[in-house]
Amino acid sequence: MALRFEHRDTEIDVSLVDRVWRTRSDAEGTMTSAARTCWHLILSRTQGRLLAGLRGPETRATTAPVPPGTEFLGVRFAFGAVLRPHPAASIVDGYVPFPVTESGRIVIGGEEWEAPTFDNVEHLVRRLQHAGLLVRSRLGDEERVAGRPEAGPTERTRQRRHRAITGLSQTAVRQIDRANAAATMLRDGRDWRTAVETLGYFDQAHLAHALRRYVGYTARELRAGHLAAMSFLYKTHPGPGS
């Protein structure tokens with residue numbers, strides 16, 4: 001089974017939505033999903049039946065079944081964006097289904113919303129924002145004052161807020177983003193030495209361990225193009241980190 005993804009940027013402020021994507025499965029199979037720091041709104045249609053829900057941040061690569069003849073639509077929300085009824089911290093490594101009415105509307109926060117399409121997702125996002133259900137966090141502001149204790153909260157408070165908002169520690173975010181960046185480099189034809197040197201891994205074994213845990217593919221598999229259709233999952237320019 002080969003899933004071919006179409007994805008696009010969005011007109012919405014990048015502090016809320018990062019990417020919109022869609023795909024279709026023609027046959028039954030499985031899909032390996034890399035670890036990610038952001039949460040997704042995912043809609044699927046099989047034989048006219050609509051399912052909707054949130055997929056939370058994931059701390060390791062996972063494998064999931066994919067039913068045949070299913071259309072998927074996904075909205076990847078920006079890191080730190082918050083959907084008030086379901087903060088990311090409550091759905092790490094998990095999934096929250098949303099009720100769907102007989103008329104095909106999605107229930108979020110006790111209200112019914114028209115199911116979006118690939119082309120009009122921004123309409124739903126704006127409505128959720130105007131209703132006060134979707135908000136930006138202040139993580140960026142806190143990071144800018146991190147080096148000035150007198151100008152903001154303590155480091156411990158920042159770390160606690162970071163985990164409460166994103167569901168992940170700052171260290172986990174760096175590790176996940178770095179592994180995804182390494183996967184992108186390898187998929188694009190760079191060798192493992194370049195990934196190690198560019199991203200600050202200790203050696204090939206360190207990189208291999210990170211790929212197994214966070215991406216679910218080896219360097220050889222990535223260079224062979226296993227994830228060519230899934231580039232939307234990856235951030236490509238994090239700095240080196242632990």
Mind jotting down which residue pairs meet the side-chain hydrogen bond (donor to acceptor under 3.5 Å, both in side chains) criterion with at least one end in [range]? Sequence neighbours excluded, please.
range	answer
residues 115-125	R8-E122, T10-E122, T117-N120
residues 100-109	T101-S103
residues 80-100	T59-D93

Run the side chain to side chain contact (heavy atoms under 4.5 Å, CB included) test on V75 and V17 for me, step by step, so that the C-alpha distance in whole Å, both residues' side-chain angles and the decisive distance to 0.1 Å come before the verdict. CA-CA 7 Å; V75 184; V17 176; 3.8 Å; yes

[X] versus [Y], closest heavy-atom pair with distance:
X	Y	result
G104	A115	O-CB, 3.7 Å
V92	G167	CG2-O, 3.5 Å
P116	L43	CD-CD2, 3.7 Å
S15	A81	O-CB, 4.1 Å

Does the ring of Y214 carry R60 above it, NZ/CZ under 6.0 angstrom from centre and within 45° of its axis?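 Not satisfied by the 6.0 Å and 45° rule.
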
Please determine which of F5, F118, F72 meets the ring pair (Phe, Tyr, Trp, His ring centres under 6.0 Å) test together with W21.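 Per the ring pair (Phe, Tyr, Trp, His ring centres under 6.0 Å) rule, the option paired with W21 is F5, out of F5, F118, F72.
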
Treat each ILVMFWY residue as a node, draw an edge where side-chain heavy atoms are under 4.5 Å apart, and state whether M31 and L51 are in one component.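 Shared cluster, no.
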
Side-chain donor/acceptor of [X] to backbone N/O of [Y], under 3.5 Å:
X	Y	answer
T23	R4	yes
E221	T218	yes
N180	A34	no
W39	A78	no
T166	L168	yes

Which value, rounded to the nearest 0.5 Å, describes the distance between [X] atom [atom1] and [Y] atom [atom2]?
X	Y	atom1	atom2	answer
R49	S44	CZ	OG	8.5 Å
T184	L222	OG1	CG	9.0 Å
L73	E6	CG	CD	10.5 Å
E28	S25	CD	OG	9.0 Å
R187	R223	CZ	CZ	13.0 Å

Ignoring hydrogens and angles, state whether a donor on the side chain of R55 or H40 is under 3.5 Å from an acceptor on the partner side chain.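 Checked: R55/H40 side chains show no N/O donor-acceptor pair below 3.5 Å.
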
Donor-acceptor side-chain pairing of T70 and T46 below 3.5 angstrom: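 Note: T70 and T46 side chains meet the donor-acceptor criterion.
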
Test of understanding: with salt bridge (Lys or Arg N to Asp or Glu O under 4.0 Å), list the residues that count as partners of D191, not counting sequence neighbours.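 Residues passing salt bridge (Lys or Arg N to Asp or Glu O under 4.0 Å) with D191: none at all.
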
By salt bridge (Lys or Arg N to Asp or Glu O under 4.0 Å) - contacts of E111 (at least two apart):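 For E111, no residue satisfies salt bridge (Lys or Arg N to Asp or Glu O under 4.0 Å) once neighbours in sequence are set aside.
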
List the atom pairs, with distances to 0.1 Å, where a side-chain N or O of residues 125-135 and a protein N or O form a donor-acceptor pair under 3.5 Å, not counting sequence neighbours.
| residue | atom | partner | partner atom | Å |
| --- | --- | --- | --- | --- |
| H130 | ND1 | R126 | O | 3.4 |

Could you tell me if the side chain of T32 sits less than 4.5 Å from the side chain of Y217, heavy atoms only?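 Result yes, sub-4.5 Å side-chain heavy-atom pair found.
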
Check: L124 and L41 side chains under 4.5 Å, non-hydrogen atoms: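 They are in side-chain contact.
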
Going through the checks in order, is the side chain to side chain donor-acceptor pair (under 3.5 Å) test met by E58 and T62? CA-CA 8 Å; E58 294 190 351; T62 58; 3.2 Å; yes

Report the C-alpha separation of Y201 and W192 in whole Å, then their side-chain angles, then the decisive distance to 0.1 Å, and conclude whether the side chain to side chain contact (heavy atoms under 4.5 Å, CB included) test is met. CA-CA 10 Å; Y201 286 102; W192 66 265; over 6 Å; no

Is it true that, when you exclude R45 itself, more than 12 heavy atoms of the residues, nucleotides or ligands shown sit nearer than 6.0 Å to its CZ?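 Atom CZ in R45 is not packed in, count stays at 12 or less.
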
Electrostatic pair R190-D188, nearest N-O below 4.0 angstrom: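 So R190 does not pair with D188 through a salt bridge.
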
Mind running ring pair (Phe, Tyr, Trp, His ring centres under 6.0 Å) on F79 and H162 for me, showing each step along the way? CA-CA 11 Å; F79 181 74; H162 189 281; 5.7 Å; yes

